[in-house]
Amino acid sequence: MKTTGILWRLASFAVAAGFVALWQLIANFKLVSPVFLPGPDRAWASLVRGFSSGDLLAKLAGTVEHMAYGWLAASIAGIALGAVIGSSPRMRTYVAPSLEFLRPLPVSAIIPVAIAMLGLTQAMALFVIAFGAIWPIMLATIHGFAAVEPRLYEVARSLQMSKLAVIFKIALPSASPDILAGMRLSLTVALILAVVCEILAGLDGLGHWVLLSARAFRSADLFAGVILLGVTGYVTSVAMSLAEHRLLAWQASQR
Amino acid sequence: MSDNTAKNTAKHTAKALVLPVALLVAFEVWARATHLQSDSLAAPSDVVRALAEAFADFSILIATRDTLFSAFTGLAIGSIIGLALGIAFGLSNTLNRLMEVTVEAIRPIPSIALLPIALIALGFGYRMEIVIVAFACVWPILILSRAAVRSIEPRLMEVSRALRLPAAQRVWKIIIPAALPRIFVAFRLSAGIALIVAVTVEIAINPIGLGAGIMLAQQALRADLMLAYLVWIGVIGYALNIVLVVAQRRLFGRAALSGDSA
Amino acid sequence: MKAQVKAQVKAQGTANAQRQFDPVAGHPTPQVAFADVTLDLGGKTIIENLSLGVQPAEFLCIVGASGCGKTTALRLAAGLYQPTRGKVTFDGQPMREPRREIAIVFQDYGKALLPWRTAAGNVSLALEAGGMPAAERPARIEELLRTVGLPGHAGKYPAEMSGGMQQRLQIARCLAQEPKTLLMDEPFGALDAMTRQGLQDEVLSLVAASGVTVIFVTHDLDEAIYLGDRVIGLLPHPGRIGIELPVNLPRPRDQLSTREHPEFLRLRRQLFDFIKATEQ
């Protein structure tokens, strides 16, 4: 059973390698202008060059930093606000509809407002990323808190648990699957907004790097940057999956 | 009884409106009292006036048309590609497993990262925006339609085999109708994504549509017009969502909404 | 497990005999008392003028057709509901809110356990609420899990346990409260017949060992007679007392001989007729 799984995985890697080879062939025969499409060899060379000179690493670090700070701020604020709103039925009736109304708003539309307030600065980028990333987390937390099994609140009452203990021992763990799902969604939002802010504000990061490369028609550098962005998205989402897997081990047996 | 529930909904709506109305009134009063002069804020009444003016000279309508055209064209292209791949991967486990690594390698690329590539390949305008929107829409449709096809009642597939339906008919007459409710959920989610990506591309770089309009207003230091665009973009996002939720309920009943969490 | 329970039962044989409740020469002050209690919920009267005293160490069973308010009565005793009129008291003091001396075992064990905590963690919750220092908890948890027949399952999550095991776990958490009164709301209603009988005997021996007062709600007449010192039958719409039967069956009780006892059969007949009459 396990070996067939590995064989499938290998076959799947072979198919992916085939696509890369096809890409190389297209580039070699110049079926697409090399200005737009560098071969994987040139993209790889650019990646290696960028890393050995430290340029690309610095850009990568910049993007990851923007993303991480914004996302962490959004997580803390989102969970706190979501907990306050979600644990009070009164708050829910008054506040939740407004939040639901704002939910489908394309968050990037807040960027010009942030620029007007904060200028083309790091602070603007962090504000935009945090603002965009807070919605999925906050709404998921509200939902999670509202959906706590009422029986558990009765258990807490008959144990005469304090309000704080109820939040930390009953409501938060019960809402944790929702919260983590929200945090996962936000991770993607944070990465996209980090790139957009870097493009707009010229902040040090991969977004700025790919834009500059495109302007100078350095397609190999451009592809190297895009590949790195893909890797960043992949690695963060895998890390998030691992965290979810660990934190929600108790759910595995339920499904 | 029904009179009572109607009263209750009215009460709920009223309660829902308390907060936003109170905030708007407070802000209006504050702006008037302090004779607000700002590059980033404007009194609600000024924002409404700016919105009305933008409607009067059609500028916001043209921008809306551009944004929606790009978003919907991209959505259509992305949906067709995503659906075709999703159905193929859902039906053939072999294909699905062989393509796994390729899909997992491309999917995490943030759609906006393709912006510079699309820019040098296609230049400014609709085409680059459509390509990026389509790329963003392919993945949710692919993944949800693949799951939808896989969860089709096996009995139904046996029936189609027993009837000896040719492959194309099997897809058209059995698989798509059976998976349609869940595919529509995917489509609804993707429509939201399409609008977000289109506006984002316009804000970042593309000089057309609502995103460019709001950026222009900001650069002209017209806070009222900028916020008018923001409100209008919000209204469009909200309206799109409502239309699709209502359509989903009409088409597939309430039960279909339960598939949302998937 | 079985052997251990038997040993316990034997050891408490005499205590069991003493526990035999005599309603006439009963304790002067009841532990849980309902004085003319009426409860309206959503414009409907669920319980009307209910008066009831439960003596310390008594095992009281409440039966009735569905919708007669037996679960509601239990929730009033737990302090989860407040009466509209009348008074519920515990040790003479009015019940304004739930108290730790009163533990409640819910029927839906699947909802009343924390799915993200292991068996040990679920028991620990009650110890934490009682303010027991962390260092003392593990030993107490192990002891409690052994008492309910779950030794060696400390690390399992509720979802990994059978229904019977989950209900044992809920009982262990309630025992961790060191309650004076144990309220049980159809605790075995969702379990199969074999598991149910085993748990009935275990509850009897646990109760005998700790001397806790029990109010046990069930729709199973046999179960009520088998377990109780006294059985109360409620009339529905609104809930009020329709019949009250002292159970003079010898303890310790036995699944075979007790259920064949002429007194058991007589009580069963009487209760059965009562319930049948209320349903018409």
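The chains referred to below are lettered A, B, ... by the order of the sequence lines, with proteins before strands, and numbering in each begins at 1.
Here the OG1 atom belonging to B:Thr200 is positioned 7.0 Å from the CG atom belonging to A:Leu193, to the nearest 0.5 angstrom. Taking OH of A:Tyr94 as the reference point, atom CG of B:Leu17 lies at 11.5 Å (rounded to 0.5 Å). Summarising the geometry, atom OG1 belonging to A:Thr188 is positioned 9.0 Å from atom CZ belonging to B:Arg107; distances are rounded to the nearest 0.5 Å. How far CD1 of B:Ile203 is from CD1 of A:Ile199: 12.0 Å, rounded to the nearest 0.5 Å. Distance CD1/B:Ile196 to CD1/A:Ile192: 8.5 Å, rounded to 0.5 Å. The CD1 atom of A:Ile115 lies 4.0 Å from the CE atom of B:Met215; values are rounded to the nearest 0.5 Å.
When every heavy atom of A:Val226 is checked against every heavy atom of B:Ala113, the shortest pair comes out as CG2-O, 3.4 Å. Here the shortest heavy-atom pairing between B:Tyr238 and A:Glu100 reads CE1-O, 4.2 Å. For B:Leu230 against A:Leu105, the heavy-atom pair with the smallest separation is O-CD1, 3.9 Å. For the pair B:Ala204 and A:Leu200, the tightest heavy-atom approach, listed with the atom from each and the gap, is O-CD2, 3.7 Å.
Contact annotation for A:Arg103: neither backbone nor side-chain heavy atoms come within less than 4.5 Å of a heavy atom of chain B. With a 4.5 angstrom heavy-atom cutoff, B:Met226 touches chain A only via side-chain atoms. Neither the backbone nor the side chain of B:Thr13 comes within less than 4.5 Å of any heavy atom in chain A. Both the backbone and the side chain of B:Val199 have a heavy atom closer than 4.5 Å to some heavy atom of chain A. Only the side chain of A:Phe19 comes within contact range of chain B, judged by heavy atoms closer than 4.5 Å. Of the atoms belonging to A:Leu10, not a single heavy atom falls under 4.5 Å from chain B. For B:Leu227, the part sitting under 4.5 Å from any heavy atom of chain A is the side chain, from C-beta outward, and nothing else. Within the 4.5 angstrom heavy-atom criterion, only side-chain atoms of A:Leu222, from C-beta onward, approach chain B. Within the 4.5 angstrom heavy-atom criterion, no atom of B:Ala105 approaches chain A.
Interface remark: of the candidates A:Ala114, A:Pro104, A:Gly233, A:Pro104 forms the most heavy-atom pairs closer than 4.5 Å to chain B. Counting heavy-atom pairs closer than 4.5 Å to chain B, the top-ranked of the candidates A:Pro112, A:Ser108, A:Ala214 is A:Pro112. Chain B forms more heavy-atom pairs under 4.5 Å with one residue of A:Val196, A:Thr236, A:Leu206, A:Leu228 than with any other, namely A:Val196. When the candidates B:Ile112, B:Leu19, B:Leu115, B:Ile120 are compared by the number of heavy-atom contacts under 4.5 Å with chain A, B:Ile120 comes out ahead. Between chain A and the options B:Asn241, B:Ile233, B:Val235, heavy-atom pairs under 4.5 Å are most frequent for B:Ile233. Of the listed residues (A:Gly18, A:Ser237, A:Gly230), the greatest number of heavy-atom pairs within a distance under 4.5 Å of chain B belongs to A:Gly230. Put simply, of A:Phe36, A:Tyr234, A:Trp8, the one with the most heavy-atom pairs under 4.5 Å next to chain B is A:Trp8. Ranked by heavy-atom pairs under 4.5 Å with chain A, the first of B:Ile109, B:Ile106, B:Leu119, B:Leu98 is B:Leu98.
A 4.5 Å side-chain heavy-atom check between B:Ile205 and A:Leu211 finds at least one atom pair inside the cut-off.
Judged by distance alone, the side chain of A:Ser12 and the main-chain N or O of B:Val101 form a donor-acceptor pair under 3.5 Å.
Heavy atoms from other residues, nucleotides or ligands lying under 6.0 Å from CZ of B:Arg150 number more than 12.
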